[in-house]
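Below: the structure, in structure tokens.
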Amino acid sequence: MIVLGIESSCDETAAAVVNEKREILGQALLSQAEHIRYGGVVPEIAARSHLEHIDQIIAECLVKANLKINDIDAVAASAGPGLIGGVVVGVTAAKTIALALSKPFIAVNHLEGHALCARLTEDISYPYLLLLVSGGHCQILIVKNVGEYERLGTTIDDAAGEAFDKVSKMLGLGYPGGPLIEKAAQQGDSSRFVLPRPLIGSNDCNMSFSGLKTAVRRIVETFSEDGDISKANLSPQDIADIAASFQCALTDCLLKKLQKAIVLFKQKCPEGKHLVVSGGVAANTYLRQNLENLAQKNHLVFAAPPIRFCTDNGVMVAWAGLERLKAGYVSDLDFKPRPRWPLDDKAPKAAGAGGVKA
Ligand code: KG4
Ligand code: ZN
């Protein structure tokens, strides 16, 4: 079984081919640099860029895999959630190939791509506890099977990656913020600035990062004579210390809520063995180390995709497509891309999970 996966839901145009033996046969990825000057992704620019590059990315991926388009068994694409202009480009490309070759089309929930990706590179059986942390989402879920998710907690405002990006902008570091904050934090003192840990005492597994971001802003304001943060006079050491304090506070929040989630997970799924982290923020080494310790303390095995597969890529879409195909789920060619698409959609599994049982 060979599946081609296409990703175009944000600012990466990507394609990959994987097979049942968990081999990545080929992959190609283009990170759109056009957005850097705007400090964030501009949806219309992203959609145009996907349109311009998608054919060439798919072709490049197949050449690297040494495959002809006819050798693939199915075509999967991220069909939401995401920036709809880009999603439509990837889904249309996938449907067109599927129609022309009379092969199945598989609408993949982008979040399912992140959620299942670690199973490609590590032996992880269902059920497992998942922290999904990306630019648009921050959720704690039990992954019970393909298309079967139970959400234990979510952010009630900003996503973790969004907080990294906004704090990075305040510090004048640039976009995407996560890797830049992580790098700056390596030279920083995380105890220099006292930052809040929002919702840390609440009894549920929900999270909040908006107040944390505002608290960072207040600190940056104190470095500016008139309170305008664009004129803040921050030394490299100040930036490093704020970055480290922020990264530590955000990680503390995630750890606290995960600890609660682990208790629930063990009650609900005593057979579960793994704590998995995925999504762009899972590329953060400080977070990964802390999660590994948390897992060990709770007698769970920690797992995460390799850092290059944490941020958006085609491999995760191809792999989720393959898992869907193996489970017998394919999608109709009239499947409408979904700008919003919760992973734990309560719609009947077939439709809500983006597929119908073949
Ligand atoms: O999963 P992803 O590529 O796209 C979405 O589906 O949103 O995640 C992108 C997010 C950005 O907010 C980026 O700043 C963050 O992941 N990110 C990181 C790191 N690398 C990427 N955050 C913290 N530390 C990192 N090393
Ligand atoms: Zn993503």
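For ligands, and for the atoms within them, numbers begin at 1 and follow the listed sequence. Quick note: numbers below take in every heavy atom, side chains included, and nothing from hydrogens, waters or symmetry partners.
Scanning all protein heavy atoms for the shortest distance to atom 21 (C) of ligand 1 gives Gly280 O, 3.4 Å. In terms of protein heavy-atom proximity, atom 3 (O) of ligand 1 is closest to Asp312 N, 2.9 Å. When only non-hydrogen protein atoms are considered, atom 24 (N) of ligand 1 lies nearest to Asn284 ND2, 3.1 Å. Atom 9 (C) of ligand 1 has its closest protein heavy atom at Gly135 N, 3.8 Å. Of all protein heavy atoms, the one lying nearest to atom 26 (N) of ligand 1 is Glu182 OE1, 2.7 Å.
Between the Zn ion (ligand 2) and the N, O or S atoms of Asp312, the shortest distance is to OD1.
Using a cutoff of 4.0 Å between basic side-chain nitrogens and carboxylate oxygens, Lys166 and Glu162 are scored as salt-bridged. Classification of Glu34 and Arg48 as a salt-bridged pair fails, no side-chain N sitting under 4.0 Å from a carboxylate O. A salt bridge links Asp238 with Arg192: at least one charged nitrogen is closer than 4.0 Å to a carboxylate oxygen. Here Asp204 does not pair with Lys260 in a salt bridge; the nearest charged N to carboxylate O distance is not below 4.0 Å. The pair Asp332-Lys95 does not count as a salt bridge, with every side-chain nitrogen at least 4.0 angstrom from each carboxylate oxygen. The existence of a salt bridge linking Glu221 and Arg218 is confirmed by a sub-4.0 Å separation between a basic side-chain nitrogen and an acidic carboxylate oxygen.
The shortest N or O to N or O distance between His110 and ligand 1 is under 3.5 Å. Between Gly161 and ligand 1, a contact under 3.5 Å exists for at least one N or O pair. Of the polar atoms of Pro176, none of the N or O atoms is found under 3.5 Å from an N or O of ligand 1, judged by distance alone. Between Gly178 and ligand 1, at least one pair of N/O atoms sits closer than 3.5 Å.
Thr13 pairs with exactly one of His53, His50, Gln56 by the side chain to side chain donor-acceptor pair (under 3.5 Å) rule, that one being His50.
If you number the atoms of ligand 1 from 1 as listed, the ones under 4.0 Å from a heavy atom of Gly177 come out as 14 (O). Taking every heavy atom of His114 and a limit of under 4.0 angstrom, the matching atoms of ligand 1 come to 1 (O), 6 (O). The distance from ligand 1 to the heavy atoms of Thr311 drops below 4.0 Å at these ligand atoms: 3 (O), 21 (C). Atoms of ligand 1 lying under 4.0 Å from any heavy atom of Gly136, numbered from 1 in the order shown and given with element: 7 (O). Annotation for ligand 1: atoms under 4.0 Å from non-hydrogen atoms of Asp165 are 11 (C), 12 (O), 13 (C), 14 (O).
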Exercise for the section: Using the salt bridge (charged side-chain N to carboxylate O under 4.0 Å, His left out) rule, take Arg119 and Glu323 through it: C-alpha gap first, then chi angles, then the decisive distance, then the call. Expected result: CA-CA 10 Å; Arg119 279 171 49 82; Glu323 289 232 34; 2.7 Å; yes
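Residues Val317 and Ile58 do not share a hydrophobic cluster, clusters being chains of Ile/Leu/Val/Met/Phe/Trp/Tyr side chains in contact below 4.5 Å.
You'll find the side chain of Val88 reaches within 4.5 Å of the side chain of Pro337, heavy atoms only.
The distance from the Zn ion (ligand 2) to the nearest N/O/S atom of His110 is under 2.8 Å. In summary, an N, O or S atom of His114 is located under 2.8 Å from the Zn ion (ligand 2).
For Arg37 and Tyr175, the positive end is not near the middle of the six-membered ring at less than 6.0 Å and at most 45° from its axis.
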